[in-house]
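Structure, as structure tokens:
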Amino acid sequence: MMRICIKNATIVNEGEKYVGTVIVEDELIYAVIKGNPEPQTKCDRVIDANGYYLIPGVIDDHVHFREPGLTHKADIATESSAAAAGGVTSFMDMPNCKPQTVTIEALEEKFNLASQKSIVNYSFYFGATNDNTDLFSQLDKTRVCGIKLFMGASTGNMLVEKRESLKRIFQAAPILIATHCENPEIIEWNTELAKMKFGEDPDIKYHSRIRSEAACWESTKEAVLLAQETGARLHVLHLSTARELSLFTDLPVSQKQITSEACVSHLMFCEDDYGNYGARIKCNPSVKTSKDREALHRALRTNLIDVIATDHAPHLLSEKEGGALKAASGMPSIQFSLNCMMELVRQGIFTIEQMVNKMCHTPADLFQIDKRGYIRPGYKADLVILNPEAEWTVTKDCILSKCGWSPYEGQTFHTKVEKTFVNGNLVYTDGQVNEAYRGEPLRFNR
């Protein structure tokens, strides 16, 4: 039995912020003590976290770790290392790899790969296609986080756009459906217009005109209507527009059948930033106007948006060359997502308590994850120690994602992840990742 005492920390948990002590026994949180009395429990190691925040490990419900089949730009080992360095202790990975995760065999292979390679905890989405709903009944609800549905442009047969096919998926899904919502017909129309005006590969600044507000609105509205019609459990990913917010309710997640997510890219960037960052910030859905970004910020202070995720999507820089049509969409962000959100806390956009709720508590509640997402006795000891007064600048040599770059290179942050614990094990400290540790599959109480 191993006991670790983290004392004098400023604990941020369940809407409170207070100085206290957390005792970890093996994989679990043994005790949470308010104030700073000397613990009566004998511990093998004592960490003095005076002046530091202690928060639950971040749960990222939206990543693309690219394995199998696209490992030239990312893999589970490298990206889970980046996650650990960023205070992310659990991830849920998307199915658009090679082969796509649209069969039970492909799904099991990803779980097997993660058991051998992932430093943090994990689960995987099953990909919906036009013709695989018969496999839904074989999914293990306690292991699989959700069914991913692309209602916008995708590769292969993962784009589902006909209403009869969509309705069949909504009716058959035994677990949460997570949707990428962009209307492909509107995107195609906008693409042809842009080509006529600006050539075969319009400048990156036109990306948000092609992947427009209307494309997001029409598709998200359709998804919400289908969920209301069928009673399906719907989670809409990466909202990017103010207009879409009118489709959601300001209620606690426990009272919702339809929930939503905001991603770090849309909270940090807007279309005005294309001039500085170019295609490095190209993603789908596109970053929109500064007013859209401000609306997303406001929604996170309420329950209109439920969780913050990354849509971590590494590409090689060579794949990011080109304009609005040729450059690959997506960016690596998991290593610096917590730093980014702490900058928004520093700016007063939301409080640290609200940030912890959206990045730790609510993802656990929304997906019904067993004993994670909170600092509570008996819960898994997924914990992060943050230094709130550590000014530092992102340089290429500190980037752990396999693609080797970040849109945050040159960015100065004022908070630093000092230590990350996964299941009571110290997997990141003093800039070093414990590459020998392996995380666990998430368990869902369904």
Side-chain angles (χ1 to χ4, degrees), residues 58-71 73-80 82-83 88 90-104 106-114 117-118 120-129 132 135-136 139 143-160 169 173 175-182 219 223 234-240 259-266 283-285 307-315 319 328-334 337 363 366-367 401-403 441-442 444:
V58 172
I59 300 171
D60 192 336
D61 77 332
H62 190 167
V63 306
H64 300 264
F65 280 4
R66 305 301 193 197
E67 191 166 359
L70 298 168
T71 54
K73 48 188 160 190
D75 60 54
I76 290 172
T78 59
E79 306 318 290
S80 66
V88 177
S90 300
F91 68 84
M92 303 177 210
D93 183 68
M94 291 297 170
N96 53 334
C97 45
K98 291 184 179 180
Q100 296 169 341
T101 317
V102 296
T103 65
I104 301 300
L107 180 65
E108 290 303 321
E109 175 61 14
K110 289 184 80 169
F111 274 103
N112 182 53
L113 287 167
K117 297 185 174 186
S118 183
V120 300
N121 305 312
Y122 51 85
S123 184
F124 298 94
Y125 289 90
F126 186 75
T129 71
N132 72 347
L135 298 178
F136 290 0
L139 298 175
R143 294 175 69 229
V144 180
C145 51
I147 293 169
K148 175 63 181 288
L149 174 60
F150 286 92
M151 294 175 63
S154 182
T155 55
N157 65 342
M158 289 189 71
L159 171 60
V160 183
I169 290 167
I175 53 177
L176 171 150
I177 301 171
T179 54
H180 177 132
C181 291
E182 289 183 287
S219 186
L234 173 66
H235 184 50
V236 181
L237 304 173
H238 42 43
L239 295 185
S240 62
T259 53
S260 63
E261 166 199 280
C263 285
V264 172
S265 52
H266 300 106
C283 56
N284 297 336
V307 298
I308 298 171
T310 61
D311 193 7
H312 174 81
H315 296 284
E319 296 169 324
S329 292
M331 66 187 86
S333 52
I334 200 166
S337 59
L366 194 155
F367 286 88
S401 288
K402 193 173 188 178
C403 65
L442 296 174
F444 305 98

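Numbers here are sequence positions counted from 1.
Using a 4.5 Å heavy-atom cutoff, the side chains of F136 and I169 are in contact. The shortest distance between side-chain heavy atoms of F367 and I175 does not fall below 4.5 Å. Using a 4.5 Å heavy-atom threshold, the side chains of Y122 and P441 count as touching. You'll find the side chain of S265 stays beyond 4.5 Å of the side chain of H238, heavy atoms only. With contacts defined as side-chain heavy-atom distances shorter than 4.5 Å, the pair T71/I76 does not qualify. Between S333 and H312, some side-chain heavy-atom pair lies under the 4.5 Å cut-off. Counting heavy atoms from C-beta on, the side chains of P68 and P99 come closer than 4.5 Å.
Applying the side chain to side chain donor-acceptor pair (under 3.5 Å) rule to S240 yields the partners K288; only residues at least two apart in sequence or on another chain are considered. When the salt bridge (Lys or Arg N to Asp or Glu O under 4.0 Å) test is applied to E109, no partner is found at least two apart in sequence or on another chain. N132 meets the side chain to side chain donor-acceptor pair (under 3.5 Å) test with T129; sequence neighbours excluded. By the side-chain contact (heavy atoms from CB on, under 4.5 Å) test, A74 pairs with R66, E79, P314, sequence neighbours left out. Residues satisfying the side-chain contact (heavy atoms from CB on, under 4.5 Å) test with S337, not counting sequence neighbours, are V88, V264, T310, M359. Here H64 pairs with H62 under the ring-ring contact (aromatic ring centres under 6.0 Å, His included) rule; sequence neighbours left out. By the side chain to side chain donor-acceptor pair (under 3.5 Å) test, T78 pairs with D75, sequence neighbours left out. For K73, the salt bridge (Lys or Arg N to Asp or Glu O under 4.0 Å) criterion is met by E319, not counting sequence neighbours. When the ring-ring contact (aromatic ring centres under 6.0 Å, His included) test is applied to F91, the partners found at least two apart in sequence or on another chain are F65. Judged as a ring-ring contact (aromatic ring centres under 6.0 Å, His included), and not counting sequence neighbours, F126 has no contacts.
Residues in residues 92-102 take part in these salt bridge (Lys or Arg N to Asp or Glu O under 4.0 Å) pairs, two or more places apart or across chains: D93-K110.
Here F444 contributes atom CZ and R143 contributes atom CZ; the two are 10.0 Å apart, rounded to the nearest 0.5 Å. Here the straight-line distance linking atom CG of L176 with atom CG of L234 works out to 7.5 Å at 0.5 Å rounding. Taken from OG in S118 to CG in L113, the straight-line distance is 11.0 Å, to the nearest 0.5 Å.
Across all their heavy atoms, T101 and C97 have their closest contact at OG1-SG, 3.6 Å. The two residues S260 and L239 make their nearest non-hydrogen contact at CB-CD1, 3.6 Å.
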- prompt: Which is it for E67 and K117 under the side chain to side chain contact (heavy atoms under 4.5 Å, CB included) test, yes or no, and what are the steps along the way?
  reply: CA-CA 11 Å; E67 191 166 359; K117 297 185 174 186; 2.6 Å; yes

